[in-house]
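Please read the structure below before turning to the comments.
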Amino acid sequence: SDNDETESVSSEASEPFKLGLILVGPRDDNGWSQAHFEGASHAIEKVGGEMIVVDKVNPADSPNITVPQVVDDMIGQGAQLIIATSDDMKDGILEAAAAHPDVPMIHASGDSAWTDGKAYHSELPMLANIMGKMEYGKMIAGCAAALQSDTGRISYLGPLINDETRRLVSSTYLGAKHCWTEVAGKSASDLKFNVNWIGFWFNIPGVTLDPTVVANEFFASGTDVIVSGIDTTEAIVEAGKRASAGETVWAVPYDYEGSCSEAPSACLGVPYFNWGPSYLDAIESVSNGSFKATFQWLGPDWKDINDHDTSMIGFLKGDGLTSENSKELDKFTKALGDGSLNLWTGPLNYQDGSSFLGEGESATDLQIWYMPSLLEGMDGPAE
Amino acid sequence: MFVRNDLLFLGLGILVPVCASMLVFLFVDAPPLRATELFFEGAFGSSQRMGDTLMIWVPLLLASSALIITFSAGMWNIGIEGQIIAGAVAASFVAREFEASTPVVLTAMIVAGLIGGMIWGGLAGLLRVRGGVNEIFGGLGLNFVATGLVVYLIMGPWSRRGIASTGGTEPFRPQAWFPTLDGLRVSPLSVLLAIGVLILVLWFLSRTSYGLRLRATGKNPLAASRFGIRTDAYLLLSFLLAGGVAGLAGVTQAAAVYHRLVPSISGGYGFLAILIVLLAGFRGQWILPIALFFAAVSMASFQWQLQLGLHSSLGGVIQGILVLSVLLLSGYRAISYMRKPISEEGDA
Amino acid sequence: MSLQLRSITKTFGPIVANDSLSLTIESGEIHGLLGENGAGKSTLAKVLSGFVSPDSGTVELDDEQLKLSSPSAAVSSGIGILHQEPLVFLDFSAVDNMLVGSPRDGNHTKDLAEEHLLKICEQFNFSIDPLIPVQKLSVGERQQLEIARLLWLGARVLILDEPTTAISGSQRENLFQTIRSLAEAGMSVIFVSHKLEEIQEICSRVTVLRQGRIMGTKHLPCPTSDLIDLMFDRELEPQGRKSSDSLGSICLELCGQKVTTHFESGKVDMTFRTGEIVGLAGLEGAGQRDLLRSIAGLDDTVTEGVFFRSRDIGDDSYIHRMQYGFHYLPADRGREGLVDGLTITEHVALASPQRSIATDWKLSREESKKIIDKFSIKGTPESVPASLSGGNQQRLLLGLIPDNPTVLLMEHPTRGLDIESAAWVWKYLMSLTEEGTTILFSSSDFDELMTYCDRIFVFFEGAIIQELASVEATTERLGSLLGGVK
Amino acid sequence: MEAATVAIIIASSTPLVFAALGETLTEKSGVVNLSLDGSMLLSAMTGFASAYLSGSVEIGLCVAMFTSATVASVVAFAGIKLRLNQIAVGLVLTYFATKASALFGGDFVRKPGPSIQKMSIPGLEEIPFVGEAVFQQNPLVYLSIVLGFVLFVFMFKTRRGLDLHAIGDRPEAAFSRGINVNLQRYVYTILGGALVGLGGAAFSLDAKMGWSDGHIANYGWIALAIVIFGGWHPLRAMFGCYLFGLIQVSALELQPVLPDLAQVLPIAPFPLMIVALVFINLRVVHSVTDRLGSIGSLIRGRAPSGLGESFWPD
Ligand SMILES: Nc1ncnc2c1ncn2[C@@H]1O[C@H](COP(=O)(O)OP(=O)(O)OP(=O)(O)O)[C@@H](O)[C@H]1O
Ligand SMILES: Nc1ncnc2c1ncn2[C@@H]1O[C@H](COP(=O)(O)OP(=O)(O)OP(=O)(O)O)[C@@H](O)[C@H]1O
Ligand SMILES: [Mg+2]
Ligand SMILES: [Mg+2]
């Protein structure tokens with residue numbers, strides 16, 4: 001099986017750039033890890049370098065390798081930039097960065113380099129963070145779900161619970177609520193939005209809940225659109241299976257541009273990360289010595305959110321979406337882009353009814369990033 | 001001629017797995033020679049790498065030590081994974097709850113791990129002796145329960161603030177980390193612990209009267225009871241001891257490897273250890289090298305992935321082939337001996 | 001119709017179980033096979049029923065040669081065997097038992113089986129509910145079931161190997177009725193037994209085996225003494241152990257002790273004195289083993305009313321009684337006596353009461369060396385039971401007897417030993433009695449019993465039918481008592 | 001509970017049913033094939049891979065059955081011919097097959113491939129509740145249910161079934177009745193293995209729709225446990241599988257109520273099964289079940305006496 005051969009492209013540069021990429025899942029998961037893998041490959045091709053990839057770096061799949069260990073070995077092989085691509089690698093990458101303070105590293109989805117963040121590590125000058133403003137992608141996803149749903153029952157297949165997942169599921173809800181009430185003009189009370197958490201980013205038999213079972217249970221309980229928040233594609237697979245059996249159900253996968261391919265007709269579209277450009281910048285800054293421990297939280301390029309060279313966040317519409325819904329969705333996306341529509345505006349309450357944003361108040365990045373709870377109107381545990 | 005036969009089988013025992021492995025390499029089109037080279041580099045190439053190999057060696061040694069105890073009593077201790085986990089949980093509890101100097105905390109963690117493992121092992125033993133539940137079934141069940149327990153703790157009482165993830169608990173305070181020499185990840189303490197325990201276990205089994213009675217029970221319970229041995233008590237004892245030793249593996253995993261509690265803390269080493277002990281033919285002295293070899297393969301497997309881009313489970317396949325072929329060969333050998341006319345019965 | 005055996009020979013290693021036996025059995029005849037333990041009766045039966053293939057020799061039924069390659073082959077050629085412990089399936093119903101392995105053709109269906117069973121039941125007045133699980137049937141009924149099955153499969157020759165050792169008197173009567181009427185119906189029956197009385201009762205002829213050879217065939221009835229002469233070789237009467245005066249105080253008492261054999265069980269009231277040697281004679285399963293085990297306090301036996309030095313030890317476990325110096329020497333060395341896989345040294349360590357945690361292996365090794373020399377065991381301290389011959393295993397068992405036991409309970413103490421070493425062993429055992437050990441042992445060797453016992457109890461069907469002082473014991477007397485003839 | 005949920009429980013338990021039935025058959029004959037967890041993974045992989053390459057589900061099913069039949073035959077050969085400890089061999093094979101499935105399945109991870117299509121049964125599907133719960137499934141589900149009853153009839157109502165009990169319970173007696181014990185043990189072990197393979201395929205071609213490393217780990221162990229829990233009785237084993245599915249689903253329903261435990265509840269069946277066994281083994285209970293006759297024996301459930309021991313006529 002040569003699908004996981006180490007990428008290597010000859011280059012005119014004296015000695016080619018070496019990138020070390022640490023993935024939490026398999027590089028071919030049609031989701032989070034594959035998005036990173038292809039983004040990085042894209043970037044490394046551009047500069048003509050080599051990439052050392054280790055995937056499935058998590059205690060369940062690889063009990064005998066830890067992040068610091070991988071980092072050591074990568075540096076040993078001359079990696080000039082290390083990218084650790086999971087929130088689960090936080091402790092590991094911090095330990096490694098402390099051990100190699102002068103090696104450029106990126107922790108995708110971390111906040112250790114955010115000066116006003118809660119977990120700022122001033123002592124790590126070379127550990128940067130990159131994350132995309134997936135909130136927008138999720139809002140679009142939520143909108144698509146609401147537009148297409150007949151029953152008004154939308155379920156979110158959640159991974160584990162933390163700040164990131166709370167803000168993403170909330171964004172989905174905001175998008176859904178807006179399009180359900182404002183666009184489709186139905187009453188808010190008819191919209192049921194619930195979330196179940198499996199306990200990790202992907203299925204670990206015996207440890208997490210089985211996403212396939214969860215998805216099934218969603219559909220059985222009357223849901224007709226599942227929005228996936230996990231790294232892998234169980235939701236869309238289940239939706240496809242039921243759709244092919246004649247049921248009118250859909251799903252919105254996550255993370256990876258290509259993930260609709262597992263069941264195109266049941267796919268309403270996929271909000272995805274396009275890591276290529278940001279990784280390319282990072283590589284170049286390393287080569288010209290300007291790399292610094294910056295915190296980047298990048299949004300879409302509103303000119304064309306699906307532009308591979310410029311947009312960090314994209315949304316690729318799926319065949320499941322009817323043409324008129326697709327038009328509505330474009331309008332919605334445009335409104336988000338030109339700032340005429342900011343869903344993070346009050347009045348908004350938390351699940352428990354306490355106030356999150358007052359009338360007319362709109363949320364700061366800090367408030368959004370460190371989302372402490374779910375929003376009023378959503379069902380499901382918040383921690 | 002028996003000797004010649006032995007040599008023949010020894011040769012085959014080495015040759016067959018090696019050839020099979022080479023075939024596998026070719027199948028996944030990896031250069032066998034480079035892979036072999038990487039095996040040594042990856043496992044022993046640098047002090048760092050050796051250290052990492054030892055890091056895998058430690059839990060394997062401890063788990064194997066636990067298993068020879070139960071095997072000596074004629075029991076299949078499939079519950080070992082759960083016993084490792086239980087030990088880790090108990091140790092983590094100490095690490096989280098007690099603030100004290102490193103020596104104190106570590107001692108407390110080791111003791112706690114020992115007890116935790118004993119409890120879990122004891123449960124399997126009780127089920128077998130009192131409940132009439134076959135130890136394989138009971139052990140399996142307890143493994144799942146142990147995982148459930150860890151997940152519950154990690155998601156619930158011991159979860160990180162504002163987070164509900166099976167990813168793991170907060171890292172322990174540094175006082176609860178096994179000390180390491182700088183530049184190495186492996187803790188000399190855990191290596192000493194593992195070797196010490198193995199020696200202790202072998203000593204117990206082969207030198208003490210309790211060990212002797214335990215072995216007698218395993219080999220022929222009926223005859224053993226004729227010698228006045230309370231066989232049930234000894235079955236239980238074997239599970240308690242094995243559980244305790246396995247619990248120590250849990251301690252090292254938590255305090256010397258992950259420095260926190262994760263659901264898969266046992267790393268499947270318990271199961272792998274079963275293979276090691278089978279391969280060692282239940283003979284203790286062989287466990288040291290075989291466990292080391294298995295650890296080396298696991299490390300090499302990582303290098304194969306890193307440098308040849310091979311699949312991470314290649315190492316496991318090779319380990320499997322090795323044990324399977326040796327097992328089958330031994331069986332073939334046994335029956336080919338049986339065919340020979342039985343030596344003279346009776347005496348004049 | 002007649003069954004002809006031509007020079008059947010079967011050996012197991014050095015043992016010649018059957019030594020070119022030739023024999024003819026007429027149809028309608030009930031032919032007895034007589035012989036002491038190990039004479040070769042069962043082996044012959046197994047050869048005929050296809051369980052073991054003979055080294056040489058042929059079997060003919062109506063002048064056509066039979067291929068007895070397997071049990072089923074034997075059955076299909078008309079020879080069926082009824083084992084002492086019938087090979088039935090306990091969880092199955094009676095009819096299912098008839099069905100298993102029967103040919104799959106129109107006339108071997110479940111209904112026909114049931115029909116046939118009921119017919120047989122009524123013909124020989126058995127009472128077996130076709131649907132009852134075999135577990136619930138007594139051994140006797142299981143035999144009846146097997147007979148019904150064999151008849152159904154068209155057996156013309158029926159072999160019964162010690163069919164009466166495990167069944168009650170009434171069942172035996174019933175069985176004999178059945179056999180007789182089968183014979184009248186022209187069937188040939190081979191009846192293996194030790195019990196002279198029975199042989200006399202139903203056999204028309206009897207063949208006596210000794211050490212695998214035919215000692216003779218007699219028409220019955222004939223004087224029992226003739227049979228005994230054939231079974232056991234006459235020895236000049238050995239003198240008993242005339243030292244009863246040297247006996248000490250009462251050591252062991254049994255009051256209303258029940259001997260729990262699988263069928264009827266007799267009450268026993270007896271007392272044993274310090275230094276006394278008591279022999280228990282009887283056929284396999286006549287009850288002597290159960291008595292020994294219940295005195296030892298082993299799990300599966302009734303042990304009330306046992307008094308050791310006039311204190312009730314009825315409730316004390318086997319392990320507890322060991323502490324009183326009781327020691328039990330089982331007959332089945334492999335299963336119950338020795339732990340295969342452990343060396344002689346380890347056995348010694350196991351037997352010796354260890355106080356310290358760490359065993360002193362040097363000491364145990366020295367100890368085992370001593371035992372090896374003392375009992376002239378062909379082996380080293382490191383050899384395991386499997387590598388020892390039966391005789392040497394027995395020596396090891398004897399060697400493991402603790403230094404001065406109070407009560408020594410032994411099954412067949414010298415089985416598998418040659419004369420000299422047996423004599424030597426007994427010298428050793430008697431020296432123990434000088435120290436005040438009381439010895440109870442079961443044996444099938446008359447000389448042994450007569451030579452070394454102060455008293456002999458003879459068991460028959462789970463009850464003691466006679467107590468003899470060794471001086472009263474003669475081969476004839478014992479032989480006929482064993483057969484239940486007073 | 002809605003019919004839809006019942007439908008899910010039945011559908012998601014189907015692979016387990018195949019595996020449990022297969023192992024029941026094997027163990028009835030006196031052989032323990034402990035390799036289930038591995039051979040299910042391996043056959044799930046080969047099944048999907050071949051279906052993916054050939055585009056035909058049928059081929060996938062066959063290959064899957066062949067795969068774990070092969071694994072089973074290794075167990076049989078080692079246990080019967082080589083007289084090795086069946087448990088040891090089973091455990092080693094579990095490990096090997098698991099790793100092999102991951103290694104050789106690399107090219108097929110999360111590839112969209114062919115899958116078994118739903119096939120409602122006209123007429124029956126209209127029955128309220130039952131119709132939706134049972135008769136709007138795919139052929140494999142129907143097969144699993146039918147198989148359960150077929151095996152029941154085979155084991156308890158036919159001559160060959162009788163022989164099967166015989167060789168598992170008292171091989172030497174079976175031999176004396178002219179049954180070729182070891183040959184039959186080979187046959188049943190391999191047949192059972194094939195069913196296990198069907199279970200694996202039921203995962204990759206239906207329940208899970210595709211292949212990814214270790215995604216069905218543990219189900220093999222669960223099946224083995226259910227065999228014991230099922231007291232080596234096909235229908236009781238089937239019941240065990242559905243019970244298992246039920247508890248799994250209820251775990252989800254409970255997540256909002258007790259979020260902490262939601263993760264844990266899916267393993268609840270295990271402690272429950274153990275407790276059940278201990279309870280059944282209690283002397284008191286024995287004395288009751290003994291009186292209950294056939295139902296009692298169903299409740300008690302008994303391991304074949306010759307289980308795990310090799311037999312050879314001398
Ligand atoms: N399978 C065997 N392997 C080795 N030796 C055997 C075997 N079966 C019988 N023998 C030996 O062959 C001899 C005759 O045995 P057999 O069982 O025929 O005697 P028997 O007359 O039936 O004795 P009993 O009256 O106690 O049943 C004995 O010495 C016995 O030890
Ligand atoms: N899935 C399973 N199904 C049935 N039996 C199993 C299974 N897993 C393990 N076993 C048990 O494995 C046993 C063989 O291993 P082991 O020697 O441990 O049995 P055991 O515990 O000694 O049996 P016993 O109940 O006679 O003591 C088989 O008898 C069987 O009961
Ligand atoms: Mg056992
Ligand atoms: Mg006999």
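Lettering follows sequence order; numbering is per chain, from 1.
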field: Minimum-distance pair of heavy atoms, taken over all atoms of A:Ala220 and D:Ala4
entry: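 That closest heavy-atom pairing would be O-CB, 3.8 Å.
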
query: Taking all atoms of both residues into account, what is the closest heavy-atom pair of A:Asn216 and D:Ile8, and its distance?
result: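 Minimum heavy-atom contact is O-CD1, 3.1 Å.
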
- prompt: Would you find more than 12 non-hydrogen atoms of other residues, nucleotides or ligands less than 6.0 Å from D:Tyr242 atom OH?
  reply: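 Check passes, neighbour count above 12.
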
- prompt: For A:Tyr370, does the OH atom sit with more than 12 other heavy atoms under 6.0 Å from it, leaving out its own atoms?
  reply: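 Check passes, neighbour count above 12.
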
Interatomic spacing from CD1 in D:Ile216 to CG in A:Asn203 - rounded to 0.5 Å: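 The CD1 atom of D:Ile216 sits 11.0 Å away from the CG atom of A:Asn203.
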
message: What's the separation between atom OG in A:Ser244 and atom NZ in D:Lys118, rounded to the nearest 0.5 Å?
response: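 Result: 9.0 Å between the selected atoms.
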
field: Part of residues 249-270 of chain A lying next to chain D, heavy-atom separation under 4.5 Å
entry: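 Only A:Ser261, A:Glu262 of residues 249-270 of chain A have a heavy atom under 4.5 Å from chain D.
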
- prompt: Side chain, backbone, both or neither: which part of A:Asp379 has a heavy atom under 4.5 Å from chain D?
  reply: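 No part of A:Asp379 comes within 4.5 Å of chain D.
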
- request: Find out whether D:Arg110 and A:Thr232 are in side-chain contact, i.e. whether some heavy atom of one side chain is under 4.5 Å from a heavy atom of the other.
  value: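 Yes, close enough: below the 4.5 Å cut-off.
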
Heavy-atom check, side chain of D:Ser115 versus side chain of A:Lys241, under 4.5 Å: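 Of all side-chain heavy-atom pairs linking A:Lys241 with D:Ser115, none is under 4.5 Å.
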
query: For chain A, which residues from residues 200-215 of chain D lie under 4.5 Å away (heavy-atom distances)?
result: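 Within residues 200-215 of chain D, near chain A: D:Asp206, D:Ala207, D:Lys208, D:Met209, D:Asp213, D:Gly214, D:His215.
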
